[in-house]
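Predicted model only: the values in this text are computed from it and were never measured.
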Amino acid sequence: MVYVLIVLGLAVVIAPLMSAMPSKSQRAKAALRDQARACNLRVSLRPLPPIPARFRFDSDDEFACYERRLSPPLHLTGRDERFVLVNSEWSPTKGVSTVPKWLSALPPGAAFVELSEQTVSIFWNEKEGPDGLHTLSQAIDSIH
């Protein structure tokens, strides 16, 4: 009887600790984000910026923002460009600016891109894992 009580007591103490442990997929995402930092990418969890209703963008995916500061020769004062992927095609969310060719090199799961004066931000669902991260990093490197 005493042993049963000891086992039950341990179970009561250990159960909450086990539920707080990260799952396999959470550990994989954390490792991917660590790799992103090694590629000079800053990862943040924030909602997608507002996308105009005319695009009818709808996704149940969770996106992380992968951001990199552009090299000084690529800094453009006043630049504020945004692109969204709808029906496998990149489109500017405002105006009629041309879509940069490097967007087509982004990995599957990339859905939204912001280009500001000094940074590029890519909202990506991370489902492609390390291979997708490598593709994303290469696409950013090809910006000119």
Is the shortest side-chain heavy-atom distance between [X] and [Y] below 4.5 Å?
X	Y	answer
Ile140	Leu41	yes
Val84	Leu48	no
Cys65	Phe63	no
Pro92	Val99	yes
His75	Arg69	yes
Phe55	Ser91	yes
Leu106	Val113	yes
Asp141	Arg68	yes

[atom1]/[X] to [atom2]/[Y] distance, rounded to the nearest 0.5 angstrom?
X	Y	atom1	atom2	value
Ser116	Leu70	OG	CG	7.0 Å
Ile51	Thr93	CD1	OG1	8.0 Å
Arg33	Ser44	CZ	OG	9.5 Å
Ile143	Leu74	CD1	CG	7.0 Å
Lys127	Ser25	NZ	OG	11.5 Å
Arg37	Leu32	CZ	CG	10.0 Å

At their closest point, which heavy atom of [X] faces which heavy atom of [Y], and how far apart are they?
X	Y	result
Arg54	Lys94	NH2-N, 4.0 Å
Trp124	Pro108	NE1-O, 3.1 Å
Thr135	Pro107	CG2-N, 3.9 Å

Would [X] and [Y] pass as an ion pair if we require N to O under 4.0 Å?
X	Y	answer
Arg46	Glu67	yes
Glu117	Arg79	no
Arg56	Asp58	no

(message) Using modelled atom types and a 3.5 Å cut-off, is there a donor and acceptor pairing between side-chain atoms of Ser104 and backbone atoms of Lys101?
(response)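 Looks like yes, one N/O pair under 3.5 Å.
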(request) Say whether Val43 and Leu115 are linked into one hydrophobic cluster, either directly or through other cluster members, by side-chain heavy-atom distances under 4.5 angstrom. (result)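 Cluster IDs for Val43 and Leu115 match.
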(request) Only pairs at least two apart or in different chains count here, so list each ring pair (Phe, Tyr, Trp, His ring centres under 6.0 Å) that has a residue in residues 76-113. (result)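 As it turns out, the ring pair (Phe, Tyr, Trp, His ring centres under 6.0 Å) pairs with a partner in residues 76-113, which skip direct neighbours, are Phe112-Phe123.
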(message) Quick check on Asp34: does its CG atom have over 12 non-hydrogen neighbours (other residues, nucleotides or ligands) under 6.0 Å away?
(response) yes
